[in-house]
Amino acid sequence: MKSHPKRNLLQSYKILLAARWRKLIAIFVVYLIKASPAWLLPIITAFMIDLAAGNDPKKADKLLYYFIFITLLTLQNIPTHILYSRMLSSVMRGISLQLRTDLCRQLQRLSLLYHNKSNIGKLHSKVIRDIEIVEQTPRLLAEQIFGFLCQVTIAVTAIAIRKPVALLFFIVVVPIAVIIRNIFSEKISKGAKSYRYAIEEMSSSMNDMLNMIPITRAHGLEEFEVSHIDSKISTVFKKGLYFDTLSAVFNSSAWVIMSVIHITFIAGSAFACMKGYISVGDIVLFNSMFLVLTGQTLSVIGTLPQLSQAAESIDSIFEVLESPDLEANSGKKSFDKVGGRFEF
């Protein structure tokens, strides 16, 4: 079988989602509405605290308006989240439907030589496990990337209106996140590839073992087969444990660095408040926005292990879909029935 060039994850999803861009826009709009309480609550809270500390004669009425507004905004999350989940699920399931259908059609067109060189267990892993991973990635991208972009926009706008100088602390977060991601990116990608290969090898050996059970029993080779499949299962365990450990080191390192930045930001805000540069409401707003922003940043860079797995899975799928080893089946006559007889 000829090797194929490794596919770019974003380019692959661009192809898969090309016919679904209208649904993606609708999903994004619904996401903005359903997630709006989490973004606006820090701003409303800061207004309410400043209102309570101020001398506005109508502060009780304004406090009631803020309370009603944020309560109604929060309640709408129930219907909009259900709608968002159904719409996103439709796109996700649609991708798996398309890929499984295309794979089955491609397998029917591939040459007998290709099938002789391929292992049924590995092909089965591509149709089941790899497509399942690829199917889950749009949810990951939608909830993390959408949330990050929206939160950054709202946070920057709110801080720029209240205290533009505070944006310096927020700007520091992005390059640090990029540096952390670049440090671990290659290692995690290699770990994901190694783990996928181990899964395919185990699936291949498992398929062979099941097909050969009658022969194995006839020759009394049960222990030999068990020891052989045990080695494949153990390899999957070791590769999976390494990948999980690497992901844990990556996630914990990112969390510690972001937490140190957050602590520094809180201390700086408290000092500025003591000097009279900002109000207590500003501290609440800045702290809430920084918490959400760093949380979103951690979530985005935390998707690296899952995205690495998705990249390997989609590369595995397109390895079959783009294989040039095809046979021309058009024009062949089909048989309505096949007959025959035995002669003794």
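Residue Met92 holds its CE atom at 10.0 Å from OG of Ser85, rounded to the nearest 0.5 Å. Between the CD1 atom of Ile44 and the CG atom of Leu63 there is a distance of 11.0 Å, given to the nearest 0.5 Å. For the atom pair CG (Leu97) and OG (Ser90), the distance works out to 10.0 Å, reported to the nearest 0.5 Å. Rounded to the nearest 0.5 Å, atoms CG (Leu40) and CD1 (Ile70) are 6.0 Å apart. For the atom pair Phe69 CZ and Thr74 OG1, the distance stands at 9.5 Å (nearest 0.5 Å). Here the straight-line distance linking atom CD1 of Ile82 with atom CE of Met87 works out to 14.0 Å at 0.5 Å rounding.
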> Is there a side-chain contact (heavy atoms from CB on, under 4.5 Å) between Phe271 and Met274 once you walk through the steps?
Replying inline: CA-CA 5 Å; Phe271 180 77; Met274 288 188 292; 4.2 Å; yes
>> For a side-chain contact (heavy atoms from CB on, under 4.5 Å) check, start with the C-alpha distance between Leu246 and Lys187, then their side-chain angles and the critical distance, and finish with the verdict.
In response: CA-CA 8 Å; Leu246 191 60; Lys187 290 183 179 180; 3.8 Å; yes
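Taking all atoms of both residues into account, the shortest heavy-atom contact from Met202 to Ile229 is O-CD1, 4.0 Å. Ser231 and Thr235 get closest at one heavy-atom pair: O-OG1, 2.8 Å.
Linking ILVMFWY side-chain heavy atoms closer than 4.5 Å, directly or via other members, places Tyr197 and Val236 in two distinct hydrophobic clusters. Hydrophobic clustering, with ILVMFWY side chains joined whenever heavy atoms are under 4.5 angstrom apart, keeps Val29 apart from Tyr31. Residues Phe250 and Tyr242 fall within the same hydrophobic cluster, defined by Ile, Leu, Val, Met, Phe, Trp and Tyr side chains chained together at heavy-atom separations under 4.5 Å. Linking ILVMFWY residues whenever their side-chain heavy atoms come closer than 4.5 Å, directly or via other members, leaves Val226 and Ile233 in distinct clusters. Residue Leu32 is grouped with residue Ile27 when hydrophobic side chains (ILVMFWY) are merged at heavy-atom distances under 4.5 angstrom, including chains of intermediate members.
A donor-acceptor pair is defined here as one N or O able to donate and one able to accept, closer than 3.5 Å; such a pair exists between the side chain of Ser253 and the backbone of Val249. Counting only distance, with no hydrogens or angles, the side chain of Ser194 and the backbone of Gly191 share no donor-acceptor pair below 3.5 Å.
Aromatic ring pairs are classed by plane angle as parallel below 30°, tilted from 30° to 60° and perpendicular above 60°; the pair Phe243 and Tyr195 is parallel. Taking the six-membered ring where tryptophan is involved, the planes of His81 and Tyr84 are tilted, since the angle between them lies from 30° to 60°.
Qualifying side-chain hydrogen bond (donor to acceptor under 3.5 Å, both in side chains) partners for Thr80, counting only residues two or more places apart in sequence or in other chains: Gln76.
Here Phe67 is tied into one hydrophobic group with Leu64, Ile68, Leu72, each link being a pair of ILVMFWY side chains closer than 4.5 Å.
Contact of the Leu110 side chain with the Val320 side chain is registered, since non-hydrogen atoms from C-beta on lie closer than 4.5 Å.
Summarising the local packing, NZ of Lys34 is surrounded by more than 12 heavy atoms from other residues, nucleotides or ligands at distances under 6.0 Å.
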